[in-house]
Amino acid sequence: MSEAALTYSPDQAEAHDRIAGMLREVGVDLDEGLLIPPREGKSAVMAVVGKAGSGKTLLLAALCRALEEAGVDVVSGDYEGRRRRDRRTLAILAPTNKAASVLRMRGVPATTIHRILYTPVYHPEYEKIAEWLAGQGERPVIEGLTDLALDRALAFYQSNKSIPGALAAAGLRGSDFITGWRRREEPLDIGLIDEASMLDEQQFEDLQEIFPTLLLFGDPAQLPPVKSTGGMVFDSLPAPARLELSRIHRQDADNPILDLAHALADPALEFQHFEAMVEDAARRDERVRWAERVEVDLMARSPVLVWRNATRIRLIHAFRAVHGAPETELLPGEPLICDGIELPLKHRKKRLDLEARGLIKGAQVVYLGPGRRPGFSRLHVIGAEDPQVSAASIVKIEKPDEAEPFIPFAANMGATFLHGAAVTIHKAQGSQWRDVQVFAPDIYAAARMGRTEAGQPLWKRLAYVAITRAEERLHWVVRNRLSKPTAPLTVEDLRGAPVPLELEGEE
């Protein structure tokens, strides 16, 4: 840990030491790199909380590396090898595909909570390849697969650590090697949970059943979960188990987006003063833009963030209109948001299949075109490890001033989708985009209403969450106007996806 220690701030170093102490109590000694088998009845929960830029992800990544170096096995959502009685296990989880993908891009082998609850069942023949890639078996001889195909699988796995992706690189489809999904029967060991501010009480209880040792990472300034009574799951932890980080100025110095986010903590700050700060930042730095209109080209991959549903529906309608989208069909390249799975209880296995493939509530999806049967859609699930999927779909297009959505086509049952060119700030939590457009008139409306949420002015929480979704550039949109597209919708940017699987099992 010497390399990580050199980059730690004092509060991160203190947090690391206290976490190391907790892990030592449950049999994992990071300092000595020693493990003892897990003991019954030993459990612990700790939370690391801090606002954007406080270094939570840096600490999470460093802990992940240290646990791996100590000999703890990382369990992913795509394959789990043979169990050993004395082994210690680790899973790094996030509530959404996009949040997990943000961690994976930073070298952390993260997966979603759904993918750890439900694990794939592999065809016995192809499981030999998975065992070999995971270092648990000899190089197999598989009828129909050449040495060159196996070499491609190995090269992919060495750079991406995805078993399905490696098998796809060998020329296999998901339906070739995954025969179904099963609920996890045995508990794991240590769980690191990112974006823990999004967890509700039921999810927290489910995680505690699986992981005797839980470490939560969350931002207390975000919006509390919709199902919560106003707080976040880590709010109830006693002070010794709640580690607070402050912003690390040397790592995020001169970042105007984070400067604006942290300015919202000033209790005397009013909306008009904050908006003046945004305008001033836009004059000084190209990473903040004072926008007189919504840029329609950006909406295809990063939704406009709004507070009010009426605004969301109006912007979606305008987006489809300027692209000439017909009412009776979707255009390839249109963004969608999964709104859940509509299946009767007798089709529980099918629900697990769809959710395990990334179609969980809130998942961001791009429509690629119709499937092979009526009512089916080919979809690209943003942030999923195996993004290409074909599924029975119920697509709802909401229209201004109409109570019922228009449904251009639908299967009898399956995954339901709303349009994704604009989303509410609540639903944007856990996601990040390179460019983010925030519809400022909605934030102003919240400020005018004077509402509070979890003890803070609602407009400040909305503004904080919205602007911290921006990875590189914030567009503060101040007018209800929409630009014209510079090019038609396309899916060409998705063809280079790291795991181009075509999963047609539903059809």
**Prompt:** After noting the C-alpha distance and the side-chain angles of D339 and K427, does the key distance pass the salt bridge (Lys or Arg N to Asp or Glu O under 4.0 Å) rule?
**Reply:** CA-CA 11 Å; D339 198 41; K427 285 194 173 182; 3.5 Å; yes

**Item:** Set of residues satisfying side chain to side chain donor-acceptor pair (under 3.5 Å) with respect to D206, sequence neighbours excluded
**Value:** Q202

**Asked** What residues form a side-chain contact (heavy atoms from CB on, under 4.5 Å) with D435, not counting sequence neighbours?
**Response** L298, R473, H475

**Prompt:** Mind checking what makes side chain to side chain donor-acceptor pair (under 3.5 Å) contact with E32, not counting sequence neighbours?
**Reply:** none

**Request:** Just do the salt bridge (Lys or Arg N to Asp or Glu O under 4.0 Å) check on E398 and K396 with the steps written out, would you?
**Result:** CA-CA 6 Å; E398 298 154 293; K396 302 175 181 179; over 6 Å; no

**Side-chain donor/acceptor of R104 to backbone N/O of G383, under 3.5 Å** = yes

**Request:** Keeping to residues at least two apart or across chains, list the salt bridge (charged side-chain N to carboxylate O under 4.0 Å, His left out) pairs with something in residues 108-124.
**Result:** none

**Test side chain to side chain donor-acceptor pair (under 3.5 Å) applied to D219 - qualifying residues, sequence neighbours left out** = Y464

**Item:** Student check: side-chain heavy atoms of Y8 and L58 closer than 4.5 Å
**Value:** yes

**Prompt:** Got a sec, which pairs hit ring pair (Phe, Tyr, Trp, His ring centres under 6.0 Å) with one end in residues 126-148, sequence neighbours left out?
**Reply:** H123-Y126

**Message:** Determine whether a donor-acceptor pair (N or O, by modelled atom type, separation under 3.5 Å) exists between the side chain of R434 and the backbone of A470.
**Reply:** no

**side chain to side chain donor-acceptor pair (under 3.5 Å) partners for R24, two or more places apart** = D31

**Request:** Check the pair V366 / L336 against side-chain contact (heavy atoms from CB on, under 4.5 Å), numbers first and verdict last.
**Result:** CA-CA 6 Å; V366 177; L336 302 173; over 6 Å; no

**Message:** Among residues at least two apart in sequence or on other chains, which ones pass salt bridge (Lys or Arg N to Asp or Glu O under 4.0 Å) with E14?
**Reply:** R18

**Side-chain donor/acceptor of R152 to backbone N/O of A169, under 3.5 Å** = yes

**Message:** My understanding is that only residues two or more places apart in sequence, or in another chain, count here; which of them pass side-chain contact (heavy atoms from CB on, under 4.5 Å) with A15?
**Reply:** L59, L243, L245

**Prompt:** Between S431 and Q364, is any side-chain donor less than 3.5 angstrom from a side-chain acceptor?
**Reply:** yes

**Request:** Not counting sequence neighbours, which residues clear salt bridge (Lys or Arg N to Asp or Glu O under 4.0 Å) with D151? List them please.
**Result:** R139

**Message:** Looking at every non-hydrogen atom in both residues, tell me the closest pair between Q12 and G55 and how far apart they are.
**Reply:** NE2-O, 2.9 Å

**Sidechain-backbone polar pair: K56 side chain, V48 backbone, donor-acceptor under 3.5 Å** = no

**Prompt:** Residues in side-chain contact (heavy atoms from CB on, under 4.5 Å) with L188, at least two apart?
**Reply:** V75, E80, T89, A91, I116, R184, I210, F211

**Item:** Test applied, side chain to side chain contact (heavy atoms under 4.5 Å, CB included); reference residue, L90; option that passes from D189, L192, L215
**Value:** L192

**Minimum heavy-atom distance P95-I360, with the two atoms named** = O-CD1, 3.7 Å

**Partners meeting ring pair (Phe, Tyr, Trp, His ring centres under 6.0 Å) with F319 (sequence neighbours left out)** = H323, H419

**Asked** So, do I397 and P405 sit near enough that their side-chain heavy atoms are less than 4.5 Å apart?
**Response** no

**Prompt:** When you measure from the side chain of N97 to the backbone N and O of G358, does any donor-acceptor pair fall under 3.5 Å?
**Reply:** yes

